[in-house]
Amino acid sequence: MPDLVDLFSSTQTQIIVVLVAVDVVLGILGAVVRKEFRFGKVAAFMQAGVLAYVFGYAVLQLVAQGIPSLAFLLPVGFLLVVVAQFASVVRNLKK
């Protein structure tokens with residue numbers, strides 16, 4: 001079984017974390033500008049968005065390592081997460 005640190009130190013995971021961080025910062029800035037900022041909303045996003053993307057991708061890495069025939073899902077999953085995060089960043093920039 002791979003080390004937990006190895007799962008989170010991959011380049012793909014780091015890219016996902018950076019995109020999530022940019023998304024969070026832009027979302028907070030947009031909420032502050034619109035005077036709609038609430039700490040509860042940030043906490044809810046961190047729990048749902050960050051955990052879902054980062055841990056979900058880590059689980060996908062484990063599955064791909066455990067069942068090599070499903071390894072093709074890893075780049076597909078990464079692409080989907082990156083596209084979703086990029087779309088969220090663009091939405092936040094529009095706000």
Side-chain angles (χ1 to χ4, degrees):
M1 180 148 207
D3 188 19
L4 190 60
V5 173
D6 293 338
L7 289 176
F8 294 104
S9 64
S10 73
T11 304
Q12 292 87 357
T13 305
Q14 292 171 0
I15 290 170
I16 292 169
V17 169
V18 167
L19 285 172
V20 168
V22 168
D23 188 28
V24 168
V25 169
L26 288 175
I28 289 172
L29 289 174
V32 167
V33 167
R34 291 186 316 272
K35 297 180 177 149
E36 298 173 355
F37 178 77
R38 304 286 182 270
F39 279 109
K41 288 183 179 182
V42 174
F45 175 78
M46 295 301 285
Q47 182 180 14
V50 173
L51 291 179
Y53 287 125
V54 175
F55 289 128
Y57 188 74
V59 168
L60 189 58
Q61 285 179 316
L62 283 173
V63 169
Q65 290 175 0
I67 307 170
S69 64
L70 296 179
F72 72 92
L73 292 176
L74 202 53
V76 172
F78 175 70
L79 181 65
L80 291 174
V81 169
V82 168
V83 167
Q85 280 302 298
F86 185 72
S88 183
V89 167
V90 169
R91 273 194 310 272
N92 281 332
L93 285 173
K94 285 183 180 179
K95 293 179 184 178

Q. Which atom pair, heavy atoms only, marks the closest approach of Ala71 to Ala64?
A. CA-CB, 3.9 Å

Q: Report the residues that fulfil side-chain contact (heavy atoms from CB on, under 4.5 Å) with Val25, sequence neighbours left out, ordered by chain and then residue number.
A: Leu29

Q: Tell me, with the steps shown, if Val63 and Leu73 meet side-chain contact (heavy atoms from CB on, under 4.5 Å).
A: CA-CA 9 Å; Val63 169; Leu73 292 176; 5.5 Å; no

Q) If you look at every heavy atom in Ser10 and Tyr57, which pair is closest and at what distance? A) OG-CE2, 4.5 Å

Q. Any idea which heavy atoms bring Gln85 and Val20 closest together, and the distance?
A. OE1-CA, 3.3 Å

(Q) Assigning hydrophobic clusters by single linkage (Ile, Leu, Val, Met, Phe, Trp, Tyr; side-chain heavy-atom cutoff under 4.5 Å), is Leu70 placed with Leu80? (A) no

(Q) Could you go through Phe78 and Thr13, starting from their C-alpha distance and side-chain angles, then the distance that decides it, and tell me whether this counts as side-chain contact (heavy atoms from CB on, under 4.5 Å)? (A) CA-CA 8 Å; Phe78 175 70; Thr13 305; over 6 Å; no

Q.
When you group the ILVMFWY residues by side-chain heavy-atom contacts below 4.5 Å and let the links chain together, are Leu62 and Val76 in the same group?
A. no

Q.
Going by the rule side-chain contact (heavy atoms from CB on, under 4.5 Å), which residues pair with Val32 if we only count those two or more places apart in sequence or in a different chain?
A. Ile28, Phe37

Q: Would you please name every residue forming a side-chain contact (heavy atoms from CB on, under 4.5 Å) with Leu79, sequence neighbours left out?
A: Val83

Q) Say you draw a straight line from CG of Leu19 to CD of Gln14; how long is it, rounded to the nearest 0.5 Å? A) 12.0 Å

(Q) Just to verify, what does Leu26 make a side-chain contact (heavy atoms from CB on, under 4.5 Å) with, not counting sequence neighbours? (A) Val22, Val89, Asn92, Leu93

